[in-house]
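Numbers here are sequence positions counted from 1.
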Amino acid sequence: NTLLNMFIDYLPSPKDLKPIEATFNDDVIEVPTDENEEVSLQVFKNVYFQFQGMISIFKICSGTLHINDELFCPNNNRTYKISSLYRIMGDKLTPVSEGTAGDILAVGKLDDIHLSYTLTSPKRKVMFKEIVYPTPTYKKAIYLESKSDSDKLFANFEKLTAEDPS
């Protein structure tokens with residue numbers, strides 16, 4: 001309880017953060033971390049859960065996100081409907097109905113959403129800079145005992161690559 005009170009007292013509010021640079025119609029703009037702005041968010045992690053499938057974890061950079069909102073992804077020019085929102089704690093997903101600027105939430109069942117993708121209000125189609133992930137420092141080879149294992153292996157590698165691009 002003391003630690004949480006210290007977070008509240010000493011860490012900055014999302015409104016106190018510097019605006020985030022984004023592109024809008026080929027111009028560089030600043031997006032303030034304000035819940036009264038149009039909604040925009042950036043996916044920074046994908047996690048595969050056994051029963052829910054692929055879950056995308058994101059930070060809401062501006063605005064307020066509600067269930068049933070429609071968001072545009074400028075990375076793949078597709079529109080997505082947000083059918084579920086979760087607050088994620090370890091491997092536990094807690095359903096929530098909305099999130100505001102500065103929140104880190106998760107959403108499931110969004111096809112073709114990759115790391116660093118931007119989701120934004122169709123009214124203001126901004127795109128955030130791509131997140132640069134570290135280069136891999138450890139390599140390992142895998143040798144299959146039989147050809148029948150290759151199908152299982154490649155399916156799992158696709159899930160792994162979606163979670164960690166390095």
Distance, nearest 0.5 Å, that separates [atom1] of [X] from [atom2] of [Y]:
X	Y	atom1	atom2	result
Lys59	Ser40	NZ	OG	10.0 Å
Thr118	Lys129	OG1	NZ	12.0 Å
Tyr10	Asn5	OH	CG	10.0 Å
Met54	His114	CE	NE2	9.5 Å
Asn46	Ile55	CG	CD1	9.5 Å

inquiry  = For a quick test of reading the model, state the closest non-hydrogen atom pair linking Cys61 to Ala101 and the distance between them.
reply    = O-CB, 4.2 Å
Listed pairs under 3.5 Å, donor-acceptor, residues 77-99 side chains, sequence neighbours left out:
residue	atom	partner	partner atom	Å
Tyr80	OH	Asn76	ND2	2.9
Tyr80	OH	Asp111	O	2.7
Glu98	OE1	His66	NE2	3.0

task = Any chance you could lay out the side chain to side chain contact (heavy atoms under 4.5 Å, CB included) test for Asp34 and Ser62, step after step, and finish with the verdict?
result = CA-CA 5 Å; Asp34 185 0; Ser62 66; 5.9 Å; no
Identify whether [X] and [Y] are in the same connected component of the hydrophobic contact network (ILVMFWY, side-chain heavy atoms under 4.5 Å).
X	Y	value
Leu110	Ile60	yes
Ile131	Val47	yes
Leu11	Leu3	yes
Ile57	Leu71	no
Ile113	Leu115	no

task = Would you please test Gln42 and Phe58 for side chain to side chain contact (heavy atoms under 4.5 Å, CB included) and show each step?
result = CA-CA 5 Å; Gln42 187 170 32; Phe58 57 87; 6.0 Å; no
message = Under the criterion side chain to side chain contact (heavy atoms under 4.5 Å, CB included), I'd like the reasoning laid out for Thr100 against Asp103: C-alpha separation, chi angles, the key distance, then a yes or no.
response = CA-CA 6 Å; Thr100 59; Asp103 286 350; 3.6 Å; yes
task = Mind checking salt bridge (Lys or Arg N to Asp or Glu O under 4.0 Å) for Glu37 and listing every partner two or more places apart, or none if nothing turns up?
result = Arg124
Donor-acceptor under 3.5 Å (Thr23 side chain, Met127 main chain) = yes
ask   = After noting the C-alpha distance and the side-chain angles of Val107 and Leu65, does the key distance pass the side chain to side chain contact (heavy atoms under 4.5 Å, CB included) rule?
value = CA-CA 11 Å; Val107 64; Leu65 179 64; over 6 Å; no
key: Connected-component partners of Val126 among ILVMFWY, side-chain separation under 4.5 Å   = Ile20, Phe24, Ile29, Val31, Phe128
